[in-house]
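All ligand and atom numbering here is 1-based and tracks the order in the structure.
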Amino acid sequence: MSYDENNIFARILRGEIPCDKVHENDHALAFRDIAPKAPTHVLVIPKGRYGTLHEFAEKGSDTELAAWVRAMAAVAQAEGVVEDGYRTTCNNGRHGNQEVPHLHMHIVGGRQLGSAPRG
Ligand code: AMP
């Protein structure tokens with residue numbers, strides 16, 4: 001699937017619309033979800049033009065992949081949720097109910113979460 005240059009996260013990356021940034025490295029950006037589901041709800045995105053996890057795994061460099069994972073860990077650390085735990089969720093494609101077609105990991109925590117869906 002071709003990358004939608006006008007998706008909301010592409011526009012955030014271009015600086016066209018603001019975000020509440022919590023962390024950044026050379027290849028990843030993390031910002032607060034606009035509709036948080038928990039005290040901590042941060043989205044971590046690669047800076048490259050990747051729509052899904054599959055595209056990122058296929059086309060992203062090892063450096064980009066590492067930077068994305070390290071950004072997630074840094075966010076969890078900075079948010080103070082490591083000790084009590086938190087959830088990472090990555091919705092992909094239609095069946096995954098992915099709303100924004102730029103790869104993003106949700107980092108959710110700060111309270112006891114419900115059981116994760118298991119299909
Ligand atoms: P998903 O269903 O995984 O694609 O989730 C997309 C997420 O992006 C939702 O949790 C939205 O609340 C969030 N979102 C949409 N627009 C923005 C925005 N401008 N800034 C921050 N988060 C956003």
Side-chain angles (χ1 to χ4, degrees):
M1 204 172 75
S2 63
Y3 181 77
D4 171 11
E5 300 287 350
N6 285 320
N7 78 74
I8 199 98
F9 296 167
R11 297 185 63 202
I12 285 174
L13 283 166
R14 289 198 296 268
E16 293 170 5
I17 57 172
C19 71
D20 187 357
K21 182 167 85 175
V22 296
H23 182 78
E24 183 173 18
N25 63 31
D26 285 348
H27 300 286
L29 175 68
F31 50 90
R32 296 196 189 282
D33 195 293
I34 204 166
K37 305 285 190 297
T40 288
H41 189 166
V42 175
L43 304 172
V44 185
I45 69 173
K47 290 183 177 177
R49 301 158 69 259
Y50 303 107
T52 64
L53 185 66
H54 188 84
E55 286 172 25
F56 194 39
E58 199 173 37
K59 298 175 188 154
S61 69
D62 290 355
T63 302
E64 289 176 296
L65 268 64
W68 189 51
V69 173
R70 294 215 166 93
M72 293 174 210
V75 166
Q77 189 76 44
E79 292 289 305
V81 297
V82 172
E83 189 176 333
D84 286 335
Y86 58 97
R87 181 171 292 157
T88 53
T89 303
C90 184
N91 298 320
N92 282 275
R94 187 163 50 89
H95 281 186
N97 288 323
Q98 181 178 4
E99 288 172 16
V100 179
H102 183 111
L103 174 62
H104 51 282
M105 188 69 80
H106 296 253
I107 309 276
V108 179
R111 65 167 170 80
Q112 181 64 53
L113 302 170
S115 299
R118 289 184 168 77

* Asked: When you look for heavy atoms under 4.0 Å from ligand 1, do you find them on the side chain of Arg32, its backbone, both, or neither?
  ->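 Backbone only.
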
* With heavy atoms only and a cut-off of under 4.0 Å, state how Asn97 meets ligand 1: side chain, backbone, both or neither. => backbone

* When you measure from atom 4 (O) of ligand 1 to each heavy atom in Glu99, Arg11, Lys37, which option holds the nearest one? ->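 Selected option, by shortest heavy-atom distance: Glu99.
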
* Which of these, Val42, Ile17, Ile34, Ile12, has its nearest heavy atom closest to atom 15 (C) of ligand 1? -> Ile34

* Asked: Is atom CZ of Arg70 surrounded by more than 12 heavy atoms (other residues, nucleotides or ligands) closer than 6.0 Å?
  ->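 Atom CZ in Arg70 is not crowded, with 12 or fewer foreign heavy atoms closer than 6.0 Å.
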
* Glu16, CD: over 12 other non-hydrogen atoms inside 6.0 angstrom -> yes

* Give yes if a backbone or side-chain nitrogen or oxygen of His41 is under 3.5 Å from a nitrogen or oxygen of ligand 1, and no if not. =>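 For ligand 1, there is no N or O atom that lies under 3.5 Å from one belonging to His41.
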
* Purely on distance, is any nitrogen or oxygen of His106 under 3.5 Å from one on ligand 1? -> yes

* To do: Please assess Glu79 against His23 for the test side-chain contact (heavy atoms from CB on, under 4.5 Å), listing each intermediate value before the final yes or no.
  => CA-CA 10 Å; Glu79 292 289 305; His23 182 78; over 6 Å; no

Counting non-hydrogen protein atoms only, what is the nearest one to [atom]? Give residue, atom name and distance.
atom	value
atom 19 (N) of ligand 1	Ile8 CG1, 3.8 Å
atom 8 (O) of ligand 1	Phe9 CZ, 3.5 Å
atom 7 (C) of ligand 1	Asp33 OD2, 3.5 Å

* Would you call the rings of His102 and Tyr3 parallel, tilted or perpendicular if under 30° counts as parallel and over 60° as perpendicular? ->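 Geometry flag for Tyr3 against His102: perpendicular rings.
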
* Give a yes or no on whether the backbone of His27 and the side-chain of Trp68 come within a donor-acceptor separation of less than 3.5 Å. => no

* **Carboxylate-amine/guanidinium contact Glu55 Arg49, below 4.0 Å** => no

